[in-house]
Each structure stands twice: as structure tokens, then as C-alpha cells.
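Here is how names work: the chains are called A, B, and so on, in the same order as the sequence lines, proteins then strands, and each is numbered from 1.
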There are 2 protein chains.
Amino acid sequence: MRTSLKDVAARAGVSVRTVSNVVNGSASVSERTRERVQRALDELGYRPNLAARSLRAGRTGLVGLVIPELHSPYFGELAGLVVEAAQRRSWTVIIDQTHGRADEERRLLEGTHAPIVDGLIISPWALGAEELAERAGATPMVLLGERDPGRLADHVAVDNVLAADEATRHLLDAGRRRIAAVGPQPGLRNGTAEQRLAGYRRALRRAGVTPDPALEVPVPTLHRAAGARAMARLLDGGGPVPDAVFAFSDELALGVLLVARERGIGVPEDLAVVGFDDIEDGRYANPSLTTVSPDKAQIAERALQCLADRVYSPGAAVPPQRITVPHRLVARESTGHARSPEGTGSADRVGGARSGGV
Amino acid sequence: MRTSLKDVAARAGVSVRTVSNVVNGSASVSERTRERVQRALDELGYRPNLAARSLRAGRTGLVGLVIPELHSPYFGELAGLVVEAAQRRSWTVIIDQTHGRADEERRLLEGTHAPIVDGLIISPWALGAEELAERAGATPMVLLGERDPGRLADHVAVDNVLAADEATRHLLDAGRRRIAAVGPQPGLRNGTAEQRLAGYRRALRRAGVTPDPALEVPVPTLHRAAGARAMARLLDGGGPVPDAVFAFSDELALGVLLVARERGIGVPEDLAVVGFDDIEDGRYANPSLTTVSPDKAQIAERALQCLADRVYSPGAAVPPQRITVPHRLVARESTGHARSPEGTGSADRVGGARSGGV
DNA sequence: CTGAAAGCGCTAACAG
DNA sequence: CTGTTAGCGCTTTCAG
């Protein structure tokens, strides 16, 4: 059995109250007593029992992070940043994966960990905001990604419409006209893909180009293989051959690059490619990938801030926050710009910058 | 305040004991009573308080996963697999990153979460097994990676010497002789790099090739940029120009590929490249990357199994386990083999297979 | 400045 | 089959 406050108290010849005070510095203790207690603490190697502490405090110090998958570069990086931001607040993160499945999202929301965590950060794919808000119950929740018509919960995201618009404009500016959009996901409820599609179409229309449904290729996932298949379909479908692709994720874009290479299509000469997410692989791809770079550190930071606001002042009925995080377009070789020197990524040419507010 | 057992008991007109029985199915309850209690449970939306439950049980149901970094493809994938393996056992995973720093490793081991978790899975970089074992104290611990001379704790790893030997032999078999090793890490204490270096040298010697120190390039990290710099140093250092590279991680190998491309060096014609880890990026790289593929799912599964054995039978003084997990060599384009069709990775040609035991 | 004791929500030993 | 109750380790109110 681990040593408890009582053991320490007995050893030091004081009451548990005093030991507790020394441990937490909550009240003033005489120098002599503190020293004696400290010695007992050290000798016994005392560790507070967090379960007991949580039971008293009503808080656990844990936050749940629910994401589709940990092994994808984007979510891996984001998860790392959330963990760090949490550490700064002395919180601990519990990570769960849903694989984008509705039943998993439901289960994680209400079932397994809901009772244990003080708050939940969730990046939904399958579930709509309505169902999410309803199921979360009393646990404070932050939504990552864009879809919350009713403003039911806090949420943090980039301006997907604007970002997609900029990415498309970047291609238009380079003289491309048959720009394909790889990434619509009809089956998903989170709305991110819809918004990127809307931004894409808006940029086209503003440039006097009529969106061509044959150039909008839906995908089942955001992974490379899906991007590769989409690209193959574009080339073999008998429709217009694109001179550019806006992919809704860097991974899709990397799949597109793969097929382009297999078919002997020159990038960027014959085909310009823009991705979304700014994952590390894109910087080292061949050619390096132009992309929309969301400020992931800020996504993590602000999501945690939202949670902190609610956890530490449960009474204050603040209305759900809608936070827009900055993004920027990073132009690289896949659209005819220079690769950054030595691949450090530090000197990427920045094509556009955008700042977000609440 | 969340509804407690007492609330439900009051509502159903029974005692807490009975409610507890219904919730846990721990004793037999009459059909009528069960039904009434269940209704109250549903109406009040009862959720057990895990802090209280843990306090009683002396277990928290949490395991800690301590890894250098979450955003690297290898650890991201591994973390995902650990989370899944844990889910199968109704355990929850807390993930922490050390960035390979000794102080972080120490802090996480003894400080922040040690008291809260039932067990710890740690992939050490900076700390040696001795210090790890000493600091972990009573918390069951599993080491990931290879370095535990004193058999102080359970540990799970591939046979790094053998794997490196096979990788090097694969290059030798292709007729290469000036094979560079990119990846020794003199500063680290976990020993993985040392073992891969040993396997590399062993294969060379057995083939009658004398290891050339000028071809062994140390790196500060396992990332792409480090691989790129190492490759540049190999080419510009004035030493022998390699005709092959064995990189100790896929990321390093991808950095090597990048520089090869920049310098107009043909892969695999002029330079054959083998990596280690089998991360997804390698499958989609250009050219696709030959690599040593550790069975990551099994690493996760067996690590958790070790923990379970100790957590559920604390009395049984089983000696520390030393578990070797299988790996296989996956031959792809970077050593002159065929890319798998459509990049699915399912039909990779397997160059060698190896099975591990305890 | 320090001690005694209540009680957080739950489980399980003990009674009935 | 069900009720009562002690106690897990801690914080904190109330006394002293």
C-alpha cells in the first residue's frame, strides 16, 4: 500500500491537517514543523493520491481529446500541440480515436470517459453539432472544425471558406483554369469539406470560371490512397483533364502527386497542386507541396482556453464561443515556387496571410 | 452537482447497495427491483464517479504512455495502436511527450502522472534503464526499445541487431559495397542506434567488407532535416561517395532521398536506400522506400499485456520480461524493387521475415 | 499555528 | 434478496 497522509502524520508526530498544509502550502506552518514534516514526506516517498483529491475537488484535471485518428500527420501534430498546451495548465490529456465512425463518436462522448474528464475537445466527423451538444450533457465541450449552425458549443476552426478561396485564387493567379477539387465528402456531417468546396466555387466564379461538376471529385477518406484514386478517376474519366488540383488535405494532394508522377505528368508545369493542413511530409515531398497552413498551435491553445473558462467558472453562463484561427497560404514547388533552402521549412514563401478573431 | 448513487436510491425507493448492484451486476437483484432502479438510473442520467470508484478499488484504469514525440509518424502510429489495445482492455491511455529530454523523462516518470496511472509504457531516449527502474518505484513499467542490461523492467522491442543486419545484407545482395549508415546517436542512452550500428557492421564484416568510420554519420535527431544534412555531409565531406545508405529511421531516409534528388543522384541506380520503421510516408515517397517494418501492433499489444499481468496480480513476483517482436524487410523502389500497385501497400514484396519469441 | 472530524461517491463486509 | 455502514485518502470547516 502506498504511503498516505496519515502515515506521514504519524511519522512526523503531527496531524494529517498539518501534513496536508505542508504539501499544498495552503496555510502557514511553523518553520520547525514544516521541516519535520518535510523530512517524513521525503523519507516515506509520499505521493498524493489523485483519486482521493479528485473526489474532494470534484475535478479530475483530465481533458479528453477525441479525434478521428492519431496516426495521420495532421491529427498527430495537433494532438501533440494539445498535450503541450494542456501541460502548461497542469492538465492531462486523454486521447481517443473514433476513426470517423458515428458509433465511436457517440460512445466516447457519453460513455467511456465522459464521467472522468473535466472537459472534452472533439473533432467530429460523423456526428452533427446538434447530436454532439445533446449528448455531451453537462461536460464542457469544444468542437474542432466548422459546423455548428445553432451555436450549441464552443468551437475553434480556421475560416475554411476563405482559405479554400485563397488556395483556388492562387491557382487562378498562376493562369490555371481547369482546376479540380479533390476532397468533397458527402457522407460526413462535420461540414469542413462543404465549406472548402464553397470557397473553391466562390473563387472560380469571381474569376469568371464556371465550376464544372466533373472536376469535383468526392473521396471516402482524406488519405493518400484516396487522393491517388481520385486523380486516376480525373484522368481516366473521359472528362476535361485538369491543369491544377486543389486537394482538401495534404495527404490527398500527396496521392495526387504520386499518380501524376506515375503518368508522367509534370508538376507544376502540366499540373499545379495545392493541399491543405501543412503537414511535414508536404515540405519534403517531391515536388514540395503548396498548402494552406492553419495555425495548429493556436487551435490547440484556444480550445484549451475555452475549456478552462468553463471548468473554472461553471456558473458563468457564457454563450458558446466561435473562434476563428489564422491560416496562411504557403507557396512551394507544386505551384511553381521555390522550395525552401535545405528543407527546414523556415523560409517558405508566404503567399497570403489572414488573421482571425472571435 | 452530478447525480449520485444516493439520488438514484432515493428516487427508486431502495438503498444505495441495491443500486450499486444493479449498476455493476455484482449480486442478484429481483426482476421488479432491477427494473425500477433501471428506470431511475435512466431518468436521472446517472454516471458513476470514477474518482470515487478508483479511490475504493485502488486502481484508476489509466495507463501512461511516455514517448519522445507524438507528431512523428512512427510514434503517432504506435500511440494509436496502444490506444486501441488499451481500449480492448477497458483501459484509458494518457499520453505524454518528452521530446527526448532527460528532465522531461524524469518528470513524467516520477512526477506528474505516476501517482494516477496503474502502469507506464515508456519509450526512453535520454535515460538509461537503471535510472528508469529506480525512478519508477512501485508503478509497473514497460520499456519500449532496446536497452536494459540489468533486466530491471519488462521490455518490448524488435531485434535491432538482426534487423539492421538484414537491411544491410539486402544492400550487399544488390551488389553495393560503400554502404553508409545514417543514424548513430552518441548522445542518447536508449541504445537502439548502437544496436542498429552493430548489426550494420556485422553484416558488412560477414560479407568481407571492412566498416569505414567515414561512412557512419551520426545525427542529432531522427527527422528528415537531420537525414538531409547527414547526406550532404557524406557527399561534401571529401570521403568515399556511398553507393547505398542504411538510415536508422524512415524519416532520416526521406531526408537522404531529398538531397539525392537535389544533387541529381539517381535512386536506386546510383544510390540504394533502406530505412527503418515502415511509416506511411515511405510507401508514398518518390521513389517508394525500402524499409524494416517492425510489427507495431504487436509492440502495443504485448506492452499492454505485460502491464496487465502486473497490475492484476501485484503479488506474483514474475521476473522482468524481455519480449522480442517480429519485423520484416519490405523491399520497394529505393532498392530497385517494384512499387506496390496503386500505393495501397498491401502487395509489398517481402524480402525477409523474422519471428520473435520471449 | 495545529488537531479533530465531516464528508466527497462508491464498494463490500456484515446483518437481517 | 436488500438495508446499513465502514472506510478508501484527501481537503477543509470548526475548535482550540
Side-chain angles (χ1 to χ4, degrees), chain A residues 1-38 40-41 44-62 90 113-118 138-139 311 314, chain B residues 1-41 44-62 90 113-118 138-139 314:
Chain A
M1 185 50 56
R2 182 178 270 135
T3 68
S4 78
L5 271 193
K6 202 153 58 167
D7 303 329
V8 180
R11 172 115 182 183
V14 297
S15 76
V16 289
R17 163 74 205 254
T18 305
V19 182
S20 175
N21 283 342
V22 171
V23 172
N24 301 302
S26 35
S28 40
V29 181
S30 80
E31 198 46 54
R32 265 191 63 252
T33 315
R34 141 166 294 114
E35 203 170 293
R36 198 148 38 98
V37 170
Q38 189 59 55
L41 242 22
L44 295 172
Y46 172 75
R47 289 298 157 75
N49 177 321
L50 289 229
R53 196 175 265 180
S54 306
L55 180 56
R56 279 272 352 174
R59 275 187 281 109
T60 59
L62 300 176
S90 324
H113 300 144
I116 210 184
V117 297
D118 293 339
T139 312
V311 170
Chain B
M1 184 52 56
R2 183 178 270 135
T3 67
S4 77
L5 271 192
K6 203 152 60 164
D7 302 329
V8 180
R11 173 112 180 186
V14 297
S15 76
V16 288
R17 162 76 204 255
T18 305
V19 181
S20 174
N21 283 341
V22 171
V23 171
N24 301 303
S26 35
S28 39
V29 181
S30 81
E31 197 47 54
R32 265 192 62 251
T33 315
R34 141 165 294 115
E35 203 170 291
R36 198 148 39 99
V37 171
Q38 190 58 56
R39 189 138 19 93
L41 242 22
L44 295 172
Y46 172 76
R47 289 299 156 76
N49 177 322
L50 290 228
R53 195 176 268 180
S54 306
L55 181 56
R56 278 276 347 176
R59 276 187 281 108
T60 59
L62 300 176
S90 326
H113 300 142
I116 209 186
V117 298
D118 293 339
T139 312

Of the nucleotides [options], which one has an atom closest to the side chain of [X]?
| X | options | value |
| --- | --- | --- |
| A/P48 | D/dC10, C/dC10, C/dC8 | D/dC10 |
| B/R56 | D/dT2, D/dC10, C/dC10 | C/dC10 |
| B/R17 | D/dC10, C/dC10, D/dT4 | D/dT4 |

5' priority, DNA chain D, between A/L55 and B/S30 [closest heavy atom]
B/S30
Does a nitrogen or oxygen in the side chain of [X] sit under 4.0 Å from OP1 or OP2 of [N]?
| X | N | value |
| --- | --- | --- |
| B/S20 | C/dT11 | yes |
| B/T33 | D/dC1 | no |
| B/R53 | C/dT11 | yes |
| A/S15 | C/dG3 | yes |
| B/T18 | D/dG3 | yes |
| A/S4 | D/dC8 | no |
| A/N21 | C/dT2 | no |
| B/N49 | C/dC8 | no |

What's B/V16 touching, base or sugar-phosphate or nothing? Going by heavy atoms closer than 4.0 Å.
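The residue B/V16 makes base contact.
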Interatomic distance where CG belongs to B/N24 and C1' belongs to C/dA13 [whole Å]
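Those two atoms, CG and C1', are 16 Å apart.
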Hey, are the side chains of B/R53 and B/R56 touching, using non-hydrogen atoms and a 4.5 Å cut-off?
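No. Closest side-chain heavy atoms not under 4.5 Å.
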Is there a side-chain contact between B/N49 and B/S4 in this structure, where contact means two heavy atoms from C-beta onward sitting under 4.5 Å apart?
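No; the side chains remain at least 4.5 Å from each other.
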Minimum heavy-atom distance between A/A52 and B/L55, given as atom pair plus value
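Closest approach of A/A52 to B/L55, heavy atoms only: CB-CD1, 3.6 Å.
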